[in-house]
Amino acid sequence: MNTIKRRYPIGIQTFEKIIKGGYVYVDKTDLVWRLTQLSNYVFLSRPRRFGKSLLSSTLRSFFEGRKDLFEGLKVMELEQEWKEYPVIHLDLSLAKGKDSAEELRRTLLLMLSRNQFFEGNPAEKTPGEKLNGMIQRAYQQTHSQVVVIIDEYDAPLLEVLHEEENLPQYRKVMQEFYVPLKACDPYLRFCFITGITKFSQLSIFSTINNLKNVSMRPDFSAICGITEDEVKTDFAEDIKHMAELFDCSPEEMFKKIKQMYDGYHFARVSEDIYNPFSLLNAFDDGELNSSWFASATPSYLIHQMQHFRTDITAMDNLEEPAESFDIPTEAMTTALPLLYQSGYLTIKGYDANSMMYSLSIPNHEVRLGFTKGLLPTYIGLEAGGVQSGFAVKFWRALKQDDLDLALREMQAYLAGIPYVEGFKKKLEEAATAEGFYEYTFYLIFSMLNVYVRTQVKCAGGRTDVVVLMPDTTYVLELKTNGSAQSALDQINQKGYAVPYQADHHVVKAGIHFNADTRTIDDWVIE
C-alpha cells in the first residue's frame with residue numbers, strides 16, 4: 001500500500017475537489033486555456049477513464065471565474081480577465097443503460113432540472129425545448145453569453161449500438177436534444193462536447209458547421225492522459241517508492257510502468273501518453289494492476305467485433321489512412337473506428353508520404369484485458385482457466401527454451417478441459433480449423449505478454465504463427481488435415497524461418513491439431 005503522503009484523485013472528476021482536497025494534479029491548464037481560445041464549438045474524443053470529465057470540470061471552473069482554484073497553475077500567466085459566465089454542465093454518462101427512448105427522454109429532463117435556469121415556460125416539453133429555453137433564460141438573466149459543457153455525449157447510444165430497433169429511437173431523442181446548440185449560437189460563448197465516438201448524424205455534427213474536432217490535433221494530443229515527461233517529473237518520488245516495493249531500481253520500475261500503461265498516441269505527432277486512471281491506481285496500490293479493465297471490455301465493442309467478424313490476429317500490425325479509423329460511428333464497415341476511439345488500438349507511427357497510420361494495441365494492460373474479454377468470444381474458453389496453472393507452466397517452458405515442454409503443457413490443458421460447448425461451437429463456426437487454432441495460439445501468447453504474429457508474409461508465402469521471445473524466435477505451422485511432419489516440411493521448403501535466422505536463435509515446429517479431441521495430437525520440432 002502507498003505510504004507516501006500523497007493523495008491520488010482516484011475516481012474524483014471534479015477540479016474544485018482535487019484542488020481544495022490537496023490531491024495530486026498534473027497541470028494541464030495551459031492547454032485548457034488554449035482550447036477556450038480556439039473556437040466557440042469544440043469536440044474531443046478520448047477513451048473512457050482518460051480524464052474527459054476532469055477536463056470538463058476544469059473548463060467549468062475556468063468559465064465560472066474561479067480564479068482562486070487556479071493559483072500557481074500555468075493558466076495564471078495566460079488569462080487576464082477571469083470573467084464569469086453562466087454554465088450549463090451536463091454529464092450524459094448518467095443517461096446510459098435506459099430501457100426505452102421514453103425513459104431516456106425523462107432522464108434528460110431530470111438532468112436539466114438540476115440547473116438553476118431550468119424553470120420557465122411550461123410549454124417546454126422535450127429535452128431539446130427545455131435546453132433551448134435554459135440557454136436563452138441564462139443569457140437574459142445574466143446579460144452574458146452562456147457556456148454549455150456536455151460530457152460523454154454518446155453514452156446513451158453506445159449500449160444500444162448493436163440494436164437495430166432501439167438505436168434509431170434513441171438517436172432521434174438525442175438529435176432533438178442537440179438542436180439548440182446550433183439555434184442558440186448568438187447566446188453561446190463556448191460549447192465543449194466530449195465522447196468516445198463520432199455520431200455524425202446527430203445535430204452536433206451535422207448542423208454545427210464550425211465545430212472544431214481536436215481529437216487528432218497534435219497541439220492537443222496531451223490534454224488528457226499523462227505524458228512520459230510528466231510521469232518522470234511529477235511522479236519521480238512515487239516511482240522511487242514503488243521500486244522499493246518491487247525490490248528493483250527506479251529505472252527498472254519505470255520500464256515496468258511504461259510497458260504496462262504507456263503507448264497511447266492520439267495524433268500523427270504525439271507525446272507518449274499514459275492511462276491516468278491506471279497509473280494513479282498503480283501508485284496508490286503499489287501494484288501494477290489492470291485497473292482500466294476492472295469493468296471488463298464493454299459489450300458494445302464485443303458485439304461490433306462479432307458483427308464485423310474482426311480478425312483479432314491482425315490488430316498488432318495495421319496500416320490505415322485516418323478515414324478508416326476516425327470515421328463516424330454509423331458509417332462503420334469494420335470495428336476499427338470503435339477499437340481506436342475506445343482505446344483498444346492506438347497510433348504507433350505515421351508515414352507522411354503515404355499518409356498512412358500504423359495502429360497497434362497500446363500496452364500490456366490493454367492486451368491482457370482485451371485477451372480476457374475475447375477468449376470466451378473467439379475460442380470459447382474462460383480466461384480464468386487459461387491463467388490458473390497452465391499459463392505459468394507454459395511461460396516457464398518457453399523461458400527455458402523448451403518448446404516441447406510448452407506444447408505438452410498445452411496438450412494436457414486442452415485435453416483436460418471438460419466438454420465445453422462454447423469451445424466446440426467456436427471451432428465449428430471458424431472458417432478453417434487452422435484459423436481457429438491460430439486464434440487460440442494468438443490469444444494465449446498475448447495473455448502471457450509474448451509478442452506473437454499470425455499469417456506473417458515472407459517470400460515463400462505466409463507463416464501461420466511467429467512467436468518472438470527475447471532470445472528465441474519460434475516459427476510454427478499448424479495443421480488439422482496434415483501431419484506434423486508435413487507442417488515442418490512446409491516451413492523448410494518455403495523458407496518461413498529465413499528472415500529470422502541472422503539475428504535470433506530459431507526453433508521451427510510443425511503442429512497437428514485433432515479437431516475431434518480438440519487438442520494437439522502431434523508435433524515435430526527442429
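Position 1 is the first residue of the sequence; numbering continues from there.
Counting only distance, with no hydrogens or angles, the side chain of Ser486 and the backbone of Gly482 share no donor-acceptor pair below 3.5 Å. A donor-acceptor contact shorter than 3.5 Å links the side chain of Tyr153 to the backbone of Thr197. At distances below 3.5 Å, not a single donor-acceptor pair connects side-chain atoms of Lys399 with backbone N or O atoms of Met469. Checked by atom type and distance alone, the side chain of Ser56 pairs as donor or acceptor with a backbone atom of Lys52 at under 3.5 Å. Panel note: side chain Asp464, backbone Glu477; no donor-acceptor pair is recorded below 3.5 Å. Without hydrogens or angle criteria, Glu365 side chain to Ser291 main chain gives a donor-acceptor distance under 3.5 Å. Between the side chain of Arg396 and the main chain of Ala406, no donor-acceptor pair closer than 3.5 Å is present. Between the side chain of Arg7 and the backbone N or O of Gly21 there is at least one donor-acceptor pair closer than 3.5 Å.
Here Thr14 pairs with Glu16, Lys17, Ser57 under the side chain to side chain contact (heavy atoms under 4.5 Å, CB included) rule; sequence neighbours left out. For Tyr350, the ring pair (Phe, Tyr, Trp, His ring centres under 6.0 Å) partners at least two apart in sequence or on another chain are Tyr357. Shown here are the ring pair (Phe, Tyr, Trp, His ring centres under 6.0 Å) partners of Phe513, two or more places apart in sequence or in another chain: Tyr437, Phe441. Not counting sequence neighbours, Tyr474 has no partner by the ring pair (Phe, Tyr, Trp, His ring centres under 6.0 Å) test. Judged as a ring pair (Phe, Tyr, Trp, His ring centres under 6.0 Å), and not counting sequence neighbours, the contacts of Tyr264 are Phe50. In terms of the side chain to side chain contact (heavy atoms under 4.5 Å, CB included) criterion, residue partners of Asp351 (sequence neighbours excluded) are, by chain and number, Asn353, Ser354.
Interatomic distance, Arg268 CZ to Met355 CE, rounded to the nearest 0.5 Å: 11.0 Å. Separating the NZ atom in Lys256 from the CE atom in Met253 is a distance of 6.5 Å, to the nearest 0.5 Å. The OG atom of Ser45 lies 7.5 Å from the CG atom of Asp326; values are rounded to the nearest 0.5 Å. Annotation: the span from Asp262 atom CG to Ser278 atom OG amounts to 12.0 Å, rounded to 0.5 Å. Summarising the geometry, atom CG belonging to Asn281 is positioned 7.5 Å from atom CG belonging to Asn289; distances are rounded to the nearest 0.5 Å. Expressed to the nearest 0.5 Å, how far CG of Leu476 lies from CG of Leu407 amounts to 7.5 Å.
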side-chain contact (heavy atoms from CB on, under 4.5 Å) between Met315 and Leu345, worked out: CA-CA 8 Å; Met315 289 175 57; Leu345 290 174; 3.9 Å; yes

Test log, rule side-chain contact (heavy atoms from CB on, under 4.5 Å), inputs Leu167 and Leu157: CA-CA 7 Å; Leu167 180 59; Leu157 298 173; 4.2 Å; yes

Candidate pair Asp91 and Ser93, rule side-chain hydrogen bond (donor to acceptor under 3.5 Å, both in side chains), full reasoning: CA-CA 6 Å; Asp91 178 4; Ser93 67; 2.7 Å; yes

Salt bridge (charged side-chain N to carboxylate O under 4.0 Å, His left out) between Lys508 and Glu526, worked out: CA-CA 5 Å; Lys508 297 172 284 187; Glu526 183 179 293; 2.9 Å; yes

side-chain contact (heavy atoms from CB on, under 4.5 Å) between Asp471 and His505, worked out: CA-CA 7 Å; Asp471 302 315; His505 170 56; over 6 Å; no

Steps toward side-chain contact (heavy atoms from CB on, under 4.5 Å) verdict (Ser360, Lys348): CA-CA 6 Å; Ser360 186; Lys348 290 295 186 181; 3.7 Å; yes

Worked verdict on Tyr496 versus Gln490 for side-chain hydrogen bond (donor to acceptor under 3.5 Å, both in side chains): CA-CA 8 Å; Tyr496 291 164; Gln490 183 174 326; 3.1 Å; yes

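If you check the side chains of Asn213 and Ser215, you find a donor sitting under 3.5 Å from an acceptor. Under the 3.5 Å distance criterion, with hydrogens and angles disregarded, a donor-acceptor pair is assigned to the side chains of Asp272 and His265. For Gln411 and Thr519, the side-chain atoms include no donor-acceptor pair closer than 3.5 Å. With hydrogens and angles left out, the side-chain atoms of Asp404 and Trp523 include a donor and acceptor closer than 3.5 Å.
Among all heavy-atom pairs drawn from Cys224 and Leu55, the shortest one is SG-CD2, 3.9 Å. In terms of heavy atoms, Ala222 sits closest to Thr227 at CB-CG2, 3.5 Å. Here the shortest heavy-atom pairing between Ser221 and Ala267 reads CB-CB, 4.2 Å. Nearest heavy-atom pair, Ala509 versus Leu488, reported as atom, atom and distance to 0.1 Å: N-CD1, 4.2 Å.
Side-chain contact check for Phe246 versus Leu288: some heavy-atom pair is nearer than 4.5 Å. Inter-residue side-chain proximity for Val506 and Thr472 is flagged as unmet; no heavy-atom pair is nearer than 4.5 Å. Residues Leu44 and Arg46 form a side-chain contact, since some pair of their non-hydrogen atoms from C-beta on lies under 4.5 Å apart. You'll find the side chain of Met332 stays beyond 4.5 Å of the side chain of Thr334, heavy atoms only. Residues Leu104 and Met174 meet the side-chain proximity criterion, which asks for heavy atoms closer than 4.5 Å. Looking at heavy atoms from C-beta onward, Gln400 lies in side-chain contact with Leu405 at the 4.5 angstrom threshold. Looking at heavy atoms from C-beta onward, Val231 lies in side-chain contact with Ile239 at the 4.5 angstrom threshold. Contact of the Gln304 side chain with the Phe308 side chain is registered, since non-hydrogen atoms from C-beta on lie closer than 4.5 Å.
The ring of Phe15 has its center closer than 6.0 angstrom to the ring center of Tyr25.
Ion pairing between a basic and an acidic side chain is recognised when a charged N comes within 4.0 Å of a carboxylate O; Lys240 and Glu244 show no such pairing. A salt bridge between Glu230 and Lys28 is present, with a side-chain N of the basic residue lying under 4.0 Å from a carboxylate O of the acidic one. Looking at Lys258 and Glu228, a side-chain N of the basic residue comes within less than 4.0 Å of a carboxylate O on the acidic one, giving a salt bridge.
Remark: of the listed residues Thr58, Thr194, Asp151, Asp151 is the sole one forming a side-chain hydrogen bond (donor to acceptor under 3.5 Å, both in side chains) with Ser53. Of the residues listed (Leu336, Ile196, Ile327), the one engaging Gln341 in a side chain to side chain contact (heavy atoms under 4.5 Å, CB included) is Ile196, and it is the only one. Partner of Phe235 under the ring-ring contact (aromatic ring centres under 6.0 Å, His included) criterion, chosen from Phe283, Tyr274, Phe254: Phe283. Checking each of Tyr344, Tyr340, Phe266 against Phe325 for a ring-ring contact (aromatic ring centres under 6.0 Å, His included) leaves exactly one that passes, namely Tyr340.
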